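Because the structure is a prediction, the values reported are computed rather than measured. Chain letters run A, B, ... following the sequence lines, proteins first, then strands; residues in each count from 1.
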2 protein chains.
Amino acid sequence: MNIQQFQDTLQLFSAASSVDEITELCRFHCQNLGFDNFVYALRIPTKFSEARVIIIKGYPDLWLERYWELGYHASDPVIAYCSQHVVPIQWHDLLLEKSSLSALVMNEAAEFGLRAGISMPMHSPRGELGILSFALNQERRSAAREISQHAMPYVQLLGGYVHEAVCRVFGVANPEDKLPLTLREQECLRWAADGKTSWEISQLLKLSERTVNFHLNNAMIKLDVSTRQHAIAKAVLRGLITPYPF
Amino acid sequence: MNIQQFQDTLQLFSAASSVDEITELCRFHCQNLGFDNFVYALRIPTKFSEARVIIIKGYPDLWLERYWELGYHASDPVIAYCSQHVVPIQWHDLLLEKSSLSALVMNEAAEFGLRAGISMPMHSPRGELGILSFALNQERRSAAREISQHAMPYVQLLGGYVHEAVCRVFGVANPEDKLPLTLREQECLRWAADGKTSWEISQLLKLSERTVNFHLNNAMIKLDVSTRQHAIAKAVLRGLITPYPF
DNA sequence: GGGGTAGCTGTCAAATCTAACAGGGTGTTT
DNA sequence: AAACACCCTGTTAGATTTGACAGCTACCCC
């Protein structure tokens with residue numbers, strides 16, 4: 001299958017209307033590309049410590065169970081890479097420190113047949129992060145590398161379509177609850193996230209300190225939190241505010 | 001050039017260290033794909049309703065000037081599409097209402113030789129939006145469609161690499177310089193970001209309240225900030241602390 | 001006019017955080 | 001052994017935030 005034909009099959013994702021259909025399409029492409037397993041995970045920020053996670057399964061169940069039980073997502077180097085980048089990565093290219101938690105996760109994965117692979121990060125406008133991974137149970141590095149290398153462009157293309165399909169099926173794109181915050185609330189929050197105190201913000205926005213507290217309080221109520229810190233974490237994760245404190 | 005060779009040339013973007021180099025690479029790919037013009041625009045949110053915009057130019061200067069002067073970005077249907085999607089679009093497929101502002105923009109663009117084209121949106125972790133566009137001065141719809149169709153996968157691949165290159169050159173987000181927060185510092189910060197007070201964190205981690213403040217203070221020093229809020233915003237944006245599930 | 005939303009301002013007490021002064025301990029590396 | 005990183009704990013004073021009590025204007029929609 002050349003890339004042009006491949007491109008045509010991608011249109012099927014736009015028509016898919018259920019998880020099962022998407023799973024089947026992924027499975028098809030997985031085999032087609034010469035991989036053994038696949039998984040797509042979508043993280044949707046909700047509360048700070050309560051992101052919603054949607055998974056399209058094509059991985060060994062035992063591994064997924066173990067993964068969640070032990071909270072491996074926190075040390076998974078693939079997730080760490082994907083949350084910062086926009087181009088795909090071959091697992092072999094990840095920089096791992098010996099006997100780090102990250103290395104442990106990857107080694108255990110290998111025991112479940114996930115020895116080599118490739119992952120494509122997808123970031124969408126509201127901070128959702130989708131990761132499409134294809135894995136290979138292949139001992140020989142060179143062979144694995146060749147397959148991954150060859151699959152790279154296909155995986156990159158697939159990523160976007162799987163991502164849009166999953167978001168559509170689960171009704172993720174929801175512009176309504178994107179900005180529950182008023183203009184002033186966003187402004188105040190942004191400056192607060194920038195380390196400014198109420199008084200400083202009042203000077204910046206030419207308001208009274210009381211008004212700044214008023215807006216920040218309203219923001220906290222809307223975000224259902226009771227401290228500024230929580231409000232900021234939540235707003236940043238949801239993309240409600242984008243401070244630039246660098 | 002097949003897709004495999006193409007893939008190899010993409011590595012050049014990782015080495016590019018200046019705007020000029022990136023521009024040249026884009027120009028090369030533009031011609032190679034059979035297009036007449038290209039442009040890459042990166043929007044970095046700063047304050048609410050304010051953004052820093054970086055442009056890699058390969059469009060008629062006159063058009064770009066007019067575009068900015070008249071604030072066309074506000075009605076540009078390509079930007080509207082790109083801010084909501086993650087897969088590329090052929091301009092012909094955009095839904096335009098007759099005599100809308102969007103249609104006006106596209107018509108005027110056509111007068112500058114930008115009659116057909118394709119645009120690839122790139123969203124990165126902190127809300128930056130990059131748009132890579134290739135344009136064609138081609139009257140015949142069918143011919144334009146064919147070229148665009150053929151270029152689609154290449155453009156999608158290019159997008160990520162141009163995006164990462166520009167972000168790197170402009171120092172937009174440098175995940176590399178991860179300030180090493182210690183384990184305790186991360187834990188405390190994570191709970192603080194969840195709205196917990198020092199006392200509550202001390203109970204959660206079975207520490208004294210003083211110790212929690214100690215760790216949070218160290219984290220603030222390392223992040224070079226003077227409030228918890230700023231520390232949390234910075235840490236979340238840099239991916240130094242991860243929300244619980246994932 | 002009433003009701004809704006958004007914005008603005010005031011005071012006050014209690015809770016919380018920040019910054020400064022201290023003092024311990026462990027473990028690894030040089 | 002000394003230097004270093006990480007971890008733990010104490011006190012205090014002052015700044016800041018939080019939550020509660022108030023009040024006001026302006027706009028839009030029904």
Side-chain angles (χ1 to χ4, degrees), chain A residues 48 74-75 97-101 103 175-236 240-241 243 245, chain B residues 47-49 177-236 240-241:
Chain A
F48 180 73
S75 6
E97 285 170 48
K98 277 230 162 185
S99 74
S100 62
L101 275 174
E176 289 320 299
D177 48 64
K178 200 215 164 175
L179 292 176
L181 297 180
T182 69
L183 219 121
R184 282 305 205 193
E185 285 157 6
Q186 292 173 55
E187 282 182 306
C188 292
L189 212 48
R190 203 204 84 90
W191 284 117
D194 223 347
K196 302 289 184 290
T197 65
S198 297
W199 183 84
E200 288 171 316
I201 298 172
S202 76
Q203 300 304 301
L204 283 162
L205 301 182
K206 303 196 197 318
L207 299 173
S208 76
E209 185 175 345
R210 174 65 186 90
T211 305
V212 173
N213 283 328
F214 168 77
H215 289 307
L216 284 171
N217 188 47
N218 287 341
M220 292 194 299
I221 292 171
K222 286 184 183 173
L223 291 167
D224 188 29
V225 300
S226 58
T227 72
R228 258 172 227 201
Q229 295 142 51
H230 198 173
I232 285 166
K234 212 164 174 177
V236 168
L240 297 179
I241 56 168
Chain B
K47 292 186 202 177
F48 177 76
S49 78
D177 52 62
K178 286 208 167 189
L179 298 177
L181 293 181
T182 69
L183 206 86
R184 282 305 205 193
E185 284 157 5
Q186 291 175 52
E187 281 182 307
C188 291
L189 212 48
R190 200 167 75 67
W191 284 116
D194 214 354
K196 302 289 185 286
T197 66
S198 296
W199 183 85
E200 289 171 317
I201 299 172
S202 77
Q203 301 304 302
L204 283 162
L205 301 182
K206 301 194 198 321
L207 300 172
S208 76
E209 189 176 341
R210 173 65 186 92
T211 305
V212 173
N213 283 328
F214 169 78
H215 288 305
L216 284 171
N217 188 47
N218 287 341
M220 292 195 297
I221 291 171
K222 285 184 184 173
L223 290 167
D224 188 30
V225 299
S226 59
T227 71
R228 258 173 227 198
Q229 296 142 50
H230 199 173
I232 286 166
K234 222 165 170 173
V236 168
L240 296 178
I241 53 176

Does Asn213(B) reach a base, just sugar-phosphate, or nothing at all? Heavy atoms under 4.0 Å. base
Glu209(A) pairs by side chain to side chain contact (heavy atoms under 4.5 Å, CB included) with which of Val212(A), Leu207(A), Thr211(A), Asn213(A)? Asn213(A)
Working to the nearest 0.5 angstrom, can you tell me the gap between Thr197(B) OG1 and Gln229(A) CD? 9.0 Å
What's the spacing between Ile201(B) CD1 and Leu189(B) CG if we round to 0.5 Å? 8.5 Å
Arg184(B) side chain near dC6(D) phosphate (N/O to OP1/OP2, under 4.0 Å): no
Value in whole Å for how far the C1' atom of dC17(C) lies from CD1 of Ile232(A): 14 Å
Kindly compute the distance separating CG (Leu181(B)) from NE2 (His215(B)), expressed to the nearest 0.5 Å. 12.0 Å
Rounded off to whole Å, could you give me the CG-to-P distance for the Leu189(B) and dC17(C) pair? 13 Å
Short N-O contact, Arg184(A) and Glu187(A), less than 4.0 angstrom: yes
Rounding to a whole Å, what distance do you find between Lys196(B):NZ and dC17(C):P? 12 Å
Integer-rounded Å distance: dC24(D) P and Phe214(A) CZ: 15 Å
When you get a sec, tell me which of dC7(D), dA19(C), dT9(D) is the closest nucleotide to the side chain of Arg210(B)? dT9(D)
I want to confirm an ordering. Mapping Thr182(B) and Thr227(A) to their closest nucleotides on DNA chain D, which one lands closer to the 5' end? Thr182(B)
Specify the residue among Ser208(A) and Leu216(B) whose closest nucleotide of DNA chain C lies further upstream toward the 5′ end. Ser208(A)
How far does NZ of Lys222(B) sit from OG1 of Thr182(B), to the nearest 0.5 angstrom? 5.0 Å
Expressed in angstrom and rounded to an integer, what is the separation of Lys206(B) atom NZ from dC7(D) atom C1'? 18 Å
So which of Val225(B), Asn217(B), Leu223(B) actually passes side chain to side chain contact (heavy atoms under 4.5 Å, CB included) with Ile221(B)? Asn217(B)
Protein-nucleotide distance (Asp224(A), atom CG; dG19(D), atom P), rounded to Å: 12 Å
Between atom CD in Glu185(A) and atom P in dG7(C), what is the gap in whole Å? 6 Å
Any side-chain N or O of Arg228(A) less than 4.0 Å from the OP1 or OP2 oxygen of dT17(D)? yes
Side chain of Gln229(B), heavy atoms from C-beta onward: which of dT9(C), dC8(D), dT17(D) has the nearest atom to it? dT17(D)
The side chain of His215(B) lies closest to which of these nucleotides: dT18(D), dC7(D), dA19(C)? dC7(D)
Once rounded to the nearest 0.5 Å, what's the spacing between atom CG of Asp194(A) and atom CD of Glu200(A)? 10.0 Å
Five-pair end axes of the helix from dG1(C)-dC30(D) to dT30(C)-dA1(D), angle between them (10°): 50°
Whole-Å distance, Asn217(B) CG to dA22(C) P, equals 16 Å
Distance test, side-chain N/O of Ser198(B) to OP1/OP2 of dT16(C), below 4.0 Å: no
Just to confirm, is there a sub-4.0 Å distance from OP1 or OP2 of dA15(D) to any side-chain nitrogen or oxygen of Thr197(A)? no
Between dT18(C), dC8(C), dC8(D), which nucleotide gets closest to the side-chain atoms of Leu207(A)? dC8(C)
